[in-house]
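A short write-up of the structure that comes next.
Throughout, residue positions are numbered sequentially from 1 according to the sequence presented. Because only heavy atoms are used, hydrogens play no part in the values below, and waters and symmetry mates are left out as well, while side chains stay in.
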Amino acid sequence: MNYSTSHASDPRVLAWRVTVAFALYTALVTALIVQAADPDPLQDFCVADFSPNAPRVNGYPCKARANVTSKDFLFTGFRKAGDVNVSGTNSFPTFGDVHQYPALNTLGISHVRLDFGVGGVIPPHTHPLATETLFVVKGSIYTGFISFDNVLYAEVLQRGDIYIFPKGTVHFQINVGSGPAVTFNSLNSQFPGFLITANQLLETQIPAAVLEASLGINATNLQFLQA
């Protein structure tokens with residue numbers, strides 16, 4: 001009897017081959033998904049060139065290396081507090097992404113300084129391209145995010161505490177202390193995006209009938225909110 005032929009028809013052998021084939025297929029798909037993520041940089045840095053004719057692929061082209069100095073890697077934008085009186089929410093975000101800090105180009109990181117007056121709020125928003133951490137420098141902050149299964153995870157943070165907001169989740173901050181507050185936030189994207197939920201709903205051209213039905217309000221209330 002031919003050994004290979006007899007075993008090829010064995011149901012256990014067939015089941016094993018199906019299992020191995022599925023495992024190889026899963027590994028291949030996983031590898032393709034991983035390769036579809038942002039690629040690692042091909043050099044140690046690439047200071048962004050914002051000139052209008054510079055070509056763009058994934059990020060900005062690099063400034064000529066001969067023109068790069070140590071000053072390019074320094075960002076001083078967080079030295080001064082943001083003016084919380086101009087935002088309408090008694091808070092102010094100072095961004096340090098690739099547009100303010102060109103040395104971040106291709107490095108997959110950016111930062112934000114949040115300043116809060118008493119009761120100041122950063123409204124619910126998302127960063128579609130990044131996970132974020134929040135570090136409390138001063139004050140007391142109530143913050144949290146809503147998971148994809150619609151659960152709120154939130155805590156009151158004190159100075160020195162850190163909280164994390166998973167990529168793409170809606171999150172917010174409010175100063176619950178008796179004085180001003182400051183946080184320092186980091187995000188794993190050079191340009192994470194900043195989408196305020198209320199603005200997306202109320203300042204776009206979504207038909208009024210859709211918003212009224214979705215929010216459970218009438219036309220008068222919707223017009224009030226949009227105003």
Side-chain angles (χ1 to χ4, degrees), residues 26-41 48 58-60 75 77-78 82 84 87 89-101 103-116 119-177 181-204 206 211 214-215:
T26 303
L28 176 61
V29 171
T30 301
L32 291 173
I33 292 173
V34 170
Q35 290 173 1
D38 288 343
D40 289 332
N58 183 17
Y60 292 92
F75 181 69
F78 293 159
V84 301
S87 67
T89 60
N90 204 25
S91 67
F92 193 89
T94 302
F95 296 100
D97 61 40
V98 66
H99 298 110
Q100 296 82 29
Y101 194 1
L104 299 182
N105 192 37
T106 76
L107 298 184
I109 192 170
S110 58
H111 305 289
V112 183
R113 170 177 170 155
L114 301 181
D115 287 280
F116 301 82
V121 172
I122 297 292
H125 63 280
T126 61
H127 304 294
L129 304 179
T131 295
E132 178 180 13
T133 58
L134 176 148
F135 174 74
V136 180
V137 177
K138 177 182 179 181
S140 181
I141 297 292
Y142 178 66
T143 188
F145 67 91
I146 300 171
S147 65
F148 290 169
D149 54 348
N150 227 29
V151 176
L152 172 64
Y153 296 89
E155 293 287 340
V156 175
L157 309 184
Q158 308 297 336
R159 179 181 177 183
D161 292 346
I162 294 176
Y163 211 71
I164 191 166
F165 313 114
K167 181 178 179 178
T169 56
V170 175
H171 54 283
F172 63 90
Q173 292 87 35
I174 180 171
N175 179 8
V176 294
V182 179
T183 72
F184 178 81
N185 301 17
S186 296
L187 305 100
N188 62 345
S189 170
Q190 66 184 29
F191 184 60
F194 182 64
L195 305 177
I196 298 177
T197 306
N199 291 3
Q200 287 186 281
L201 291 175
L202 301 174
E203 292 187 355
T204 55
I206 297 176
L211 294 176
S214 301
L215 301 176

Using distance only, find each side-chain donor-acceptor pair of residues 132-139 under 3.5 Å and give its atom names and separation, not counting sequence neighbours.
{"residue": "Glu132", "atom": "OE1", "partner": "His127", "partner atom": "NE2", "Å": "3.0"}
{"residue": "Glu132", "atom": "OE1", "partner": "His171", "partner atom": "NE2", "Å": "2.8"}
{"residue": "Glu132", "atom": "OE2", "partner": "Asn185", "partner atom": "ND2", "Å": "2.7"}

Could you give the side-chain donor-acceptor pairs of residues 192-204 under 3.5 Å, partners two or more places apart or in another chain?
{"residue": "Thr197", "atom": "OG1", "partner": "Pro124", "partner atom": "O", "Å": "3.3"}
{"residue": "Thr204", "atom": "OG1", "partner": "Gln200", "partner atom": "O", "Å": "2.6"}

Pair up each side-chain donor or acceptor in residues 152-161 with any protein partner under 3.5 Å, not counting sequence neighbours, and list the distances.
{"residue": "Gln158", "atom": "OE1", "partner": "Ser140", "partner atom": "OG", "Å": "3.4"}
{"residue": "Gln158", "atom": "NE2", "partner": "Ser140", "partner atom": "OG", "Å": "3.3"}
{"residue": "Asp161", "atom": "OD2", "partner": "Gln158", "partner atom": "N", "Å": "2.8"}

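Nearest heavy atom pair, residue Gly144 against residue Phe165, reads O-CE2, 4.0 Å. Of all the heavy atoms in Val112 and Pro93, the pair that sits closest is CG1-CB, 4.2 Å. Here the shortest heavy-atom pairing between Phe191 and Val98 reads CB-CG1, 4.3 Å. Residues Thr131 and Lys167 come closest through the heavy atom pair OG1-N, 3.2 Å.
In this structure, the side chain of Thr126 does not engage the main chain of Pro128 through any donor-acceptor pair within 3.5 Å. Judged by distance alone, the side chain of Gln190 and the main-chain N or O of Thr106 form a donor-acceptor pair under 3.5 Å. The backbone N or O of Phe172 lies less than 3.5 Å from a partner atom in the side chain of Thr143, making a donor-acceptor pair. No donor-acceptor pair closer than 3.5 Å links the side chain of Thr89 to the backbone N or O of Ile122.
The distance from atom CZ of Phe95 to atom CG of Leu187, rounded to the nearest 0.5 Å, is 9.5 Å. Distance check, rounded to the nearest 0.5 Å: CD1 of Ile109 to CG of Asn188 gives 8.0 Å. We find the OG-CD distance between Ser110 and Gln100 to be 9.0 Å, quoted to the nearest 0.5 Å. Atom CD1 of Ile141 is separated from atom OG1 of Thr183 by 6.5 Å, given to the nearest 0.5 angstrom. In this structure, CZ in Phe78 is found 6.5 Å from OG1 in Thr94, a value given to the nearest 0.5 Å.
With sequence neighbours excluded, the residues that form a side-chain contact (heavy atoms from CB on, under 4.5 Å) with Asp149 are Ser147, Val151. Looking at residues two or more places apart in sequence or on another chain, you find a side-chain hydrogen bond (donor to acceptor under 3.5 Å, both in side chains) between His111 and Ser186. Take Asp97 and apply the side-chain hydrogen bond (donor to acceptor under 3.5 Å, both in side chains) test, not counting sequence neighbours, and it matches His99.
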Side chain to side chain contact (heavy atoms under 4.5 Å, CB included) between Phe116 and Asn90, intermediate numbers included: CA-CA 6 Å; Phe116 301 82; Asn90 204 25; over 6 Å; no
